[in-house]
Structures are given as structure tokens and as C-alpha cells.
**Q** 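Below is the structure I would like to discuss, written out as C-alpha cells.
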Amino acid sequence: MSNYNSRETEAKWQAAWESKGAFNVTEDPSKPKYYVLEMFPYPSGRIHMGHVRNYTLGDLVARYKKARGFNVLHPMGWDAFGLPAENAAIANNVPPAQWTRDNISSMRGQLKSMGLSYDWNREIATCDPDYYRHEQKMFLDFLEVGLVYRKQSWVNWDPVENTVLANEQVIDGKGWRSGVDVEKRKLSQWFLKITEYADDLLDTLRELERWPDRVRLMQENWIGRSEGAHIHFKIVDRDDNIKVFTTRHDTLYGASFMAIAANHPLAQELAADNPELADFIAECNRLGTSEAAIETAEKIGVDTGLEVVHPFDPEKKLPVYAANFVLMDYGTGAIFGCPAHDQRDLDFARKYDLDVTPVVAPRDADPATFSVANEAFVDDGVLINSDFLDGMSVPEAKAAAAQRLVDTNSGETTVNFRLRDWGVSRQRYWGCPIPVVHCDGCGIVPVPANQLPVALPEDVNFDQPGNPLAHHPTWKHVDCPECGKPAQRETDTFDTFFESSWYFARFCSAQSDQAFTREAADYWLPVDQYIGGIEHAVLHLLYSRFFTRALKQCGYLGIKEPFVGLMTQGMICHETYRDDAGNWLLPEEAATADGPVTLGRSEKMSKSKKNVVDPENIISEYGADTARLFMLSDSPPDRDLDWTDSGIDGAWRYVNRLWRMMSEPKVALAASGNVRPDNLSGAADTAYRAIHKTVAAVSSDLDKFHFNKAVARIRELTNVLDALDGPEAGVDWVLRQGYEAIVMLIGPMMPHLAEELWQQLGHDIMLTDTAWPEVDETLLVEDTATVAIQVNGKLRGTVDLPKGCDAKEAEKIALAIPRIAEVVEGREIRKVIVVPDRIINVVI
RNA sequence: GCCCCUGUGGCGGAACUGGUAGACGCGCUGGAUUCAAAAUCCAGUUCCCGCAAGGGAGUGGGAGUUCGAUUCUCCCCGGGGGCACCA
């Protein structure tokens, strides 16, 4: 008995599919279409287990849908721009373009070794000018319709490297390479008006029924719509006022201070002759811009010395603080503080000894004595200490306060979003150039469409700090498209989310000299099933949803939602190992280490913890099918998956078990295509029914993405068929049915093994071109059901009853069972609950 | 800090819409085969008591609704992730 030769078999079928163009598709209006897309990878150089899982899931769906008669589009490409290429360039002195192309070519080979059913004719790389030229045109079109604008925005600036840092490159307020303090700088940058679509992006979430609820919720929170009011507070002894956004205008009488962001223009202005304030602003800038850092920091501030007038009571003046917990990017960058009803305001008020007057009291509290200590009261209640609002509920008071604001010309209701416009400028080299020219005379001039693409120069070097585009000797020097005088190209490039916001559309007609043809897009889009990591739940998916709307607005597309189905996969985890000194060890190092090794718990596979398993080793040792099976069998796709050696061994054993079972069957199989014999023995008949039940169950599991359950069902059927080896009538026929069914069911999971077995079973047509097995519904019906019998909710026995058995009859049979009679003996039966075909509960 | 996810045997997980908890796999134990091992095959495997028949407990903890709760409600605890220049 020989083991299955995965290496040889997998190469054989990969070549067969390729030479036949088995997965190349074109639009075919006679068939229902199905577009399966997995998030395309960043070409880091080698695939990792997360890719293996992602692409196994996608391939299963693609092959399954193809077997079910769909015209399936299943493409693959490369998200090829990004920071790592520049880091590699600096570290290894390799040009980013070359580094990226080399990586693509080795990763393509790795993906091909997985046997994925891609239409490789549609492969794209986003760093290819034939790709990014189209997004330069899109940007110009967006500019044309007013979806793009320029404004000043803060960045992390590394003064030594002379460059902008990503958040991940700022560690404890210092640059990751230079180690010096990072500064905040204001730069003029391009923004896309995603907020213009905020309401629509939010509302349409409801229609995305095949998206996970949690992703929809995350997007909902990200967009963060809140209804409230703008209030204008007049500044004492000045002509201007401060605009505040609040959702609690009902608590206006409880206001005891005002706070503005450190970056608020007013704070900046006052800092000029207020050193304390200037220091404070510098301090806030060191804290960073992340919400987490701001929210967890101690609430501190500085009195600016200004006062504002309470809009409802001109006698009342509020001090104005600059505070670290007020975000310039949210609302208006200024708040009024109502300590009794907001925890942050309360913390702040206690620190600076500000007044805490409750203006909402719980319904059961005594308004005269109700007070707030160190916990703000944020629930609904009755308004107190609030003049004309007294006695109202919170919603009533909001309405009344809003009306008074309008009447006194000091404010109005408004809707505010947490969502901010999308800043797309990056001060980086390895990205798509932003197609504009800066001219001293004409200002900012878009590059005319016929001059696109603005191609990225590849002859750059990283021997000096800063963006190589900016100090390239010739690249940025051009003539102004408008006046013809010398001008300069914009040296910023797009955020790489720009490329991934429309690649799904490019795949519809990847060879086209347009971004995509409308005809192909209309046929294939939207993506029916998108599959990728949960880490993209908000940004990439939201930007793509916005981009699709923007493209529709510019006439490129007819749809506004790019992905109607979404599946998010969990992470791959693995045990961690450390040596005596606490250094992380690779799994293979741990196995051969001299000294003692400490076994850590299973964590997300990461280079830093070295707990990675290289897919290439696994595939060459066990084959792609084994790796794929393991990816599918243990955990549901959306949960984290623990990589274990015993798990991969188990998958390998099953591959071989199927191989042996079918290549050397214990009973000579009936000829292919024979009709069902009418004398099936009992065992053969039961097994035959099991085949149909399995096909039905697996189909339904695959439809619901319960892949681990589908694998379990197939293994169960394997057990049934393995036990069926007697000389009874019809066994040879049922075994053929069963083997063929199993091969067809595993086709989407282990395509190479399945093709090989299919051929061995005598088929000339490839399994890839074979339809999914049919289910004979009549074989699924059972005529008896095993009914559980409980006494007082405790299981005391079971009984087989005819399906749909009469309740009275069932009760009689149950009570007659000796074990039941014994337990019930001498007790009064108070009630008997009969759930037909399921359970009988005797209450005594 | 805020938001999201998650918790079931030794392990990964299963359980339709509130109805026999632990399917399937891994691991482990015993046996067969073998000179021996690997591989393979057979049997067993939630825990406790019991020779067995059987009994009791049990889905992170605590309460509640119900004839019946892994599933519904409330409170609490543990683990993981996200928070806008990583992709």
C-alpha cells in the first residue's frame, strides 16, 4: 500500500487546469454570474498562513459555485504599493520597483502551488502604470465634481529623517529609526469628501444583509452619526464667539466651563503671548493624535484667561480652558463642560475646582438634595435648576433648549459625524503620484488627462532623508500645463487604500485600456462574495464603499455597493517558544534547542514572536490539499484557528485514507453509470440514504460557510462507507455511488486529490467541469424518530416512535416503558409535555 | 477610556427556531499486526461514585424566566482585537 504522492499529483492537475484554461472566464449572459474575491495580498515576498486560509476559503466558494452552474469570476492581483518596499530599499539597497516585482513573482509561484482556481489572465499589480493611470484620472474626475479638496492637516514629523511618520512608526513619541522626538506639523494635503456620503454609507449598511453584523456595527460606530446642536458662545470683551457642538444642550444650565482643543485656532492664537499655554499645547502634541492615547490620559488643561457668556443667562460667565481631552477633529473642537452629567467634564471639574451643579435628577430623587459626587449622572430624568426647562424630561428639554437657541440667534440643531474626510496625501515615494502641478502663476493645476499617467520614476535613491521624489534631479520639474512656465509636480503620492478601493472593478476587464469597461462591470459587479481579514472591517471596506459611490457619481459605474456578501476570517495562531534568556524561538529552533524551552500559549502568528509556520514547507511536505483541508476542518472561518502539528498530521492521514479506500477498494465497485439495483440489502440501503443525507447536509453547510461541519459530515460518510464491506446485495453499487459522492464533495476543498480519484473512478471529463451531485429528497425522510423521555427535565430514556406519532399515543408508550414507570411509580403525574418527534417530559 | 468579538471534555470544535450536551477530528488508554518501529486496523474515552445495572454533577461565575436554558434576560469575571499614515 503506497501513500498518496501529493507532489506529483498536484503538479499534474495544476498543469492540466492551466493548459485547458479551466478557470478562464468571459461574460456569458446565459448563465448566472458569481464573483468571488479574496482580498489581494501585499507582495511581501512570501505567502503566510493567513493567505493560505484566505485563499483556501475563496477557492472553496469559487469551485463550489462553479459546480453549481454559476459563471464564476475568481481573480487575483497584487496590492503592490506601500511602505515596506521603501524600508527594504533603505535596508538592502534594492529599488522598490525591483523588490516588489521579485516578490510578486515568487509569491505567484507559491499561490500556484496551492491549486487555486484563478483566472490568471486577469492578474494585476497596482504599481503598474497601466493600473494607476486610471486612478489618476478618477482623482481628476473627483476633483471636477467637487469630491476633492485641499486643506491643512497635522502629521507626525521626524526632524532627523526629514519625513512624515506613520502612527506605527512613532514609538513612545519618538521616531522608530531616528529615536528623536516626533513633532506635529501642519501640511497642506488632499482630502476626499467621504463625509458627503456619510448618511448614505450609514443607511445602506442595513441592506448589506450578507455582511457580518459586527462589521456593520463597527462601520456604524465609525461613521458615528449624532444629533445635537451648535451653540455660539460670545467671548467677553471680544467681538468673536466660540462655536461648540453638543448632544446635551438640555444640560446647558449646568455648564461651568468651556474647553477648546489644544489645536483650536483660538488656543494657537493665545499661545503667542501665553507661555504656559504654549507649553501645554506642545505637551498635547507629544501625546499623539490617537483616540486611545487621548481618552486614557489624565484630563488636564490650562485656563486661557478668556471668558464666554452663557447664551441663556447673560449674567453667567464661563472660564475657557484649553484641554487635552477635546479633539480638534471632532465637532467644532470646543465643548461646554457640564460636570454633573459627563464623566470627563466631572473629572476635569474636580481637578480644577469648578462648579458641579446637577441639572438632571433621577425620577425618584429629591431635586432639592440631589447631588453628584464622583460619578456623573448620564441617564434620563427630570430637569432641575434649569429655569424654563425645569420639570421636563431630557428629550423634551433638548427640544425646548434648541428652540430657545434658534429664537435667541445663538445656535441651531445639527447632525455631527465622527467620520472625517479621507486624507489621501502621503509624503512617500512608493505610491501613485498625485496628478497635479504647482505653478507660481496658476496655482494648483490638474495634469491634463491626455498627459496621464504621471509615471513614478524608478531611478531613485534613498541615500538622503526625505521623499526621493522631492529630490529626484528632474522628475518634478515640468512646464505648467496652463501657462507653460516652469512649475513643479506634486511629490506626494496617494494613500495605498486608493488602489484597493477600486481593484475589484478593474478585475472585470483587467486588460482594458480604460479603467474597466462598463459592459464587463455591469455584468460582473457587484462582488457576490468578498473574503478577507477582519482587520479591514472599517477602513478598506468603507473607503471602497465610498469610492464606488464616487465612481457612480462620475458615471463609471451603475452600482453603489461593491460587495454584497462579506466573510471575515479569523487569525492563525500558534504556540510560542522562548529559550532560557527569554528570546523567542522559531518552532524548528524550539524542537532542536540545546537548553530548556518555555512553551507559551497560542498567539497570532507573527514574525516578532517567531511562532510562524511557513506554508511552503507544509505544502512541499504534505501537499496543498492537506494544508487546505486543515484550514477548513477544525474552526469555523470567522474564528481564530490554532495551527497544530497534530492537526496537519490528522488532515494528512485523512487524505491517505481516502486515497487507499478508493484506489484499492475492498469490494469491486459496480460499473460506472449502472442503474440502482432494486434489491438493495438493509445495510446497503442505509448507506445509500446516508450518501444522500450527506450531500444535502454538506451543500447546506457550504451555503452557510459552515466548512468545518461540512468536513465532519464527509468524514462521517467515509466511516459509513468504510464499514460497508460485506457481500450483501447492492454493496458494490452503493460503494461506487458513495465514493463518487465523496470525491465530488471534496472537490472544492482538495481539488487535486479529487481530480485524481475522479479519474481513477473512470471519468474522462475533469471533475472541475462536473456538476455538483443531486440529492434524492425522498431518501432524506425517516419514518421513525428517536424521542427523548424526561422526568422533571431529566433524561430517563429514549424510544423510537413513528414520525408524527399522536401525542396521546406517544405519552402512553412512554409511560409504559419500565424505566419510566419505575421512576414515576407512586407519584402523581401533574403534566406531560409532548413535543412531536423530539421529546416527552413527564412532570411529577 | 470607548467600541467589537469570545468563553462548552485533556485540546479544536458540534448542538436546527428553547427540546437526548459533547457530532467530527486531535490526543490519550488498551488490543491486533510487526523481529522491532512507523503506518494501519479494532475497542474505549466529560467528570465523580459503582464490578455492573445505574446514580449524581456538568457548557467562565452568580441570579432570573420556563415543564425544559450552551441557546432568552440581568449582574459579574477571564481572553482577544480595533480606535483614522501598517496593509
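Letters go in sequence order (proteins before strands), and every chain restarts at 1.
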**Q** Check whether any side-chain N or O of T496(A) sits under 4.0 Å from OP1 or OP2 of rA87(B), and answer yes or no.
**A**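 For T496(A), the contact criterion (side-chain N or O under 4.0 Å from OP1 or OP2 of rA87(B)) is met.
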**Q** Using atom C1' of each nucleotide, how far apart are rG19(B) and rC77(B) to the nearest Å?
**A** 30 Å
**Q** Answer whether the closest heavy-atom distance between the side chains of L217(A) and E220(A) falls below 4.5 Å.
**A**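 Side chain of L217(A) against side chain of E220(A), heavy atoms only: contact under 4.5 Å found.
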**Q** Check every atom of rA84(B), rC4(B), rA14(B) against the side chain of N221(A) and return the nucleotide holding the closest atom.
**A** rC4(B)
**Q** Given rA87(B), rU6(B), rA23(B), identify the nucleotide with an atom nearest to the side chain of D79(A).
**A**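 Looking only at heavy atoms from C-beta outward on D79(A), the closest nucleotide is rA87(B).
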**Q** Counting only N and O atoms by type, is there a donor-acceptor contact under 3.5 Å from the side chain of N416(A) to the main-chain atoms of S226(A)?
**A**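 Here the side-chain-to-backbone pair does not exist.
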**Q** How long is the line joining CD of E298(A) and C1' of rG1(B), in whole Å?
**A**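 Answer to the nearest Å: 14 Å.
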**Q** What distance, rounded to whole Å, do you find between the two P atoms, one in rG44(B) and one in rA53(B)?
**A** 13 Å
**Q** Do K299(A) and F348(A) meet the cation-pi criteria used here (NZ or CZ under 6.0 Å from the six-membered ring centre, within 45° of the axis)?
**A**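 Not flagged: K299(A) not positioned over aromatic ring of F348(A).
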**Q** Determine the Euclidean distance between corresponding P atoms of rG18(B) and rA87(B); express it in Å to zero decimal places.
**A** 44 Å
**Q** Syn or anti for rG9(B), with syn set at within 90° of 0?
**A** syn
**Q** Once you apply a heavy-atom cut-off of 4.0 Å, does V155(A) come out as touching a base, just sugar-phosphate, or nothing?
**A**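 Counting heavy atoms under 4.0 Å across all strands, the contact made by V155(A) includes a base.
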**Q** Taking the ring of F81(A) and the ring of F498(A), is the distance between their centroids below 6.0 Å?
**A** no
**Q** Tell me whether R715(A) forms a cation-pi arrangement with Y654(A), defined as NZ or CZ under 6.0 Å from the six-membered ring centre and within 45 degrees of its axis.
**A** yes
**Q** What nucleotide among rA87(B), rC85(B), rC83(B) has an atom nearest to a side-chain atom of L539(A)?
**A** rA87(B)
**Q** Taking the side chain from D492(A) and the backbone from S425(A), do they hold a donor-acceptor pair closer than 3.5 Å?
**A**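 Flag not set: sc D492(A) to bb S425(A) has no pair under 3.5 Å.
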**Q** Expressed in whole Å, how much space separates the C1' atoms belonging to rA69(B) and rC16(B)?
**A**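 About 16 Å, rounded to a whole number of Å.
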**Q** I want to verify a distance call: between rU20(B), rA87(B), rC41(B), whose nearest atom is closest to the T798(A) side chain?
**A**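 Shortest atom-to-atom distance from the side chain points to rU20(B).
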**Q** For the ring pair Y543(A) and W422(A), is the centre-to-centre distance below 6.0 Å?
**A**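 They qualify: ring centres under 6.0 Å apart.
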**Q** Restricting both atoms to N or O, compile the protein contacts to nucleotides 75-82 of chain B shorter than 3.5 Å, with distance only.
**A**
{"from": "rG79(B)", "atom 1": "O3'", "to": "R601(A)", "atom 2": "NH1", "distance (Å)": "3.1"}
{"from": "rG80(B)", "atom 1": "OP1", "to": "R601(A)", "atom 2": "NH1", "distance (Å)": "3.3"}
{"from": "rG80(B)", "atom 1": "OP1", "to": "R601(A)", "atom 2": "NH2", "distance (Å)": "2.2"}

**Q** Using a heavy-atom cut-off of under 4.0 Å over every strand shown, decide if H540(A) touches base, sugar-phosphate, or nothing.
**A**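 Result for H540(A) = nothing.
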**Q** Do R545(A) and Q219(A) meet the criterion of a side-chain donor-acceptor pair at a distance under 3.5 Å?
**A**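 Short answer, yes.
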**Q** Paired with rA57(B): which nucleotide, if any, by Watson-Crick or G-U wobble criteria at under 3.5 Å for both distances?
**A** rU46(B)
**Q** Just the table, please: protein N/O against nucleotides 62-69 of chain B N/O, every pair under 3.5 Å.
**A**
{"from": "rC67(B)", "atom 1": "O2'", "to": "N841(A)", "atom 2": "ND2", "distance (Å)": "3.3"}
{"from": "rC67(B)", "atom 1": "O2", "to": "N841(A)", "atom 2": "ND2", "distance (Å)": "2.6"}

**Q** Regarding W643(A) and N611(A), do their side chains bring together a donor and an acceptor under 3.5 Å, going by distance alone?
**A**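 Checked: W643(A)/N611(A) side chains show no N/O donor-acceptor pair below 3.5 Å.
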**Q** Counting N and O atoms only, with roles assigned by atom type, does the side chain of K607(A) sit under 3.5 Å from a partner on the main chain of V612(A), one being a donor and the other an acceptor?
**A** no
**Q** Can you say whether the rings of W502(A) and Y131(A) are parallel (under 30°), tilted (30 to 60°) or perpendicular (over 60°)?
**A** parallel
**Q** Toward the 5' end of RNA chain B, which comes first, P84(A) or T644(A), by nearest nucleotide?
**A**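 Comparing both residues, the 5'-ward one is T644(A).
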**Q** Can you spot which of R350(A), Q343(A), R344(A) makes a side chain to side chain donor-acceptor pair (under 3.5 Å) with D347(A)?
**A**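 Going through the options one by one, the only one that passes is Q343(A).
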**Q** Answer yes or no: does a side-chain N or O of N87(A) lie under 4.0 Å from OP1 or OP2 of rC86(B)?
**A** no
**Q** Please work out which of the three classes, parallel, tilted or perpendicular, describes the rings of Y622(A) and W652(A), given edges at 30° and 60°.
**A**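 If you compare the ring of W652(A) with that of Y622(A), the planes turn out perpendicular.
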**Q** Classify G647(A) by what it touches in the nucleic acid, base, sugar-phosphate, or nothing, heavy-atom distance under 4.0 Å.
**A** nothing
**Q** In whole Å, measure the gap between the P atoms of rC47(B) and rG22(B) for me.
**A** 14 Å
**Q** Once you apply the 3.5 Å cut-off to both distances, tell me the Watson-Crick or G-U wobble partner of rC41(B), or none.
**A** rG31(B)
**Q** If I pick the P atom on rG55(B) and the same atom on rC2(B), what distance separates them, to the nearest angstrom?
**A** 50 Å
**Q** What is the base-pairing partner of rG1(B), counting Watson-Crick and G-U wobble geometry with both distances under 3.5 Å?
**A** rC83(B)
**Q** Counting only side-chain heavy atoms from C-beta out, which of rA14(B), rG55(B), rA87(B) sits nearest to N708(A)?
**A**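 Per side-chain heavy atoms of N708(A), the pick is rA14(B).
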**Q** Tabulated below should be each protein N or O lying under 3.5 Å from an N or O of nucleotides 15-17 of chain B; please produce it.
**A**
{"from": "rA15(B)", "atom 1": "OP1", "to": "K709(A)", "atom 2": "NZ", "distance (Å)": "2.2"}
{"from": "rC16(B)", "atom 1": "O2", "to": "R838(A)", "atom 2": "NH2", "distance (Å)": "3.4"}
{"from": "rC16(B)", "atom 1": "N3", "to": "R838(A)", "atom 2": "NH1", "distance (Å)": "3.3"}
{"from": "rC16(B)", "atom 1": "N3", "to": "R838(A)", "atom 2": "NH2", "distance (Å)": "2.3"}
{"from": "rC16(B)", "atom 1": "N4", "to": "R838(A)", "atom 2": "NH1", "distance (Å)": "2.4"}
{"from": "rC16(B)", "atom 1": "N4", "to": "R838(A)", "atom 2": "NH2", "distance (Å)": "3.1"}

**Q** For F497(A), answer base if it contacts any base atom (sugar-phosphate contacts may also be present), sugar-phosphate if it contacts only those atoms, and nothing otherwise; contact means non-hydrogen atoms under 4.0 Å.
**A** base
**Q** Using the P atom on both, measure rG50(B) against rU66(B) and round to a whole Å.
**A** 39 Å
**Q** Side chain of K794(A) only, please: which of rA57(B), rA21(B), rC24(B) is the nearest?
**A** rA57(B)
**Q** Which nucleotide sits closest to the side chain of R660(A): rG56(B), rU40(B), rG19(B)?
**A**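 Per side-chain heavy atoms of R660(A), the pick is rU40(B).
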**Q** The side chain of Y543(A) is closest to which nucleotide in this list: rC26(B), rU20(B), rC85(B)?
**A** rC85(B)
**Q** Which is true for R216(A) with a 4.0 Å heavy-atom rule: it touches a base, it touches only sugar-phosphate, or it touches nothing?
**A** nothing
**Q** Counting only Watson-Crick pairs (N1-N3 plus N6-O4 or O6-N4) and G-U wobbles (N1-O2, O6-N3), all under 3.5 Å, who is the partner of rC72(B)?
**A**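 Partner of rC72(B): rG64(B).
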**Q** Establish, yes or no, whether the cationic atom of R150(A) lies under 6.0 Å from the six-membered ring centre of W190(A) and within 45° of the ring axis.
**A** yes
**Q** Rounding to the closest angstrom, what is the interatomic distance between rG1(B) and rU8(B) at atom C1'?
**A**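 These two C1' atoms come out 32 Å apart once rounded.
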**Q** Going by ring pair (Phe, Tyr, Trp, His ring centres under 6.0 Å), F40(A) matches just one of Y55(A), Y503(A), Y530(A), W78(A). Which one?
**A** Y503(A)
**Q** Touch check for R639(A), heavy atoms < 4.0 angstrom, all strands: base, sugar-phosphate only, or nothing?
**A**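 It contacts sugar-phosphate atoms only.
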**Q** Under 4.0 Å, counting only non-hydrogen atoms across every strand here, what does D638(A) touch: a base, just sugar-phosphate, or nothing?
**A** nothing
**Q** Mind checking P41(A) for me? I need base, sugar-phosphate or nothing, with any heavy atom below 4.0 Å counting as a touch.
**A**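 Answer is nothing: P41(A) stays at 4.0 Å or more from every strand.
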**Q** Which is true for S425(A) with a 4.0 Å heavy-atom rule: it touches a base, it touches only sugar-phosphate, or it touches nothing?
**A** base
**Q** Once you apply a heavy-atom cut-off of 4.0 Å, does T786(A) come out as touching a base, just sugar-phosphate, or nothing?
**A**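 It contacts base atoms.
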**Q** R426(A) near the nucleic acid: base, sugar-phosphate alone, or nothing, with a heavy-atom cut-off under 4.0 Å?
**A**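 Result for R426(A) = base.
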**Q** Quick one: label S635(A) by what it contacts on the DNA or RNA (base, sugar-phosphate, nothing), any heavy atom closer than 4.0 Å.
**A** sugar-phosphate
**Q** Would you indicate what Q189(A) reaches in the nucleic acid, counting non-hydrogen atoms under 4.0 angstrom: base, sugar-phosphate, or nothing?
**A** base
**Q** Give R653(A) one of three labels, base, sugar-phosphate or nothing, depending on what nucleic acid heavy atoms sit under 4.0 Å from its own.
**A** sugar-phosphate
**Q** If each of S633(A) and L795(A) is mapped to the nucleotide of RNA chain B with the nearest heavy atom, which maps nearer the 5' terminus, i.e. the 5' end?
**A** S633(A)
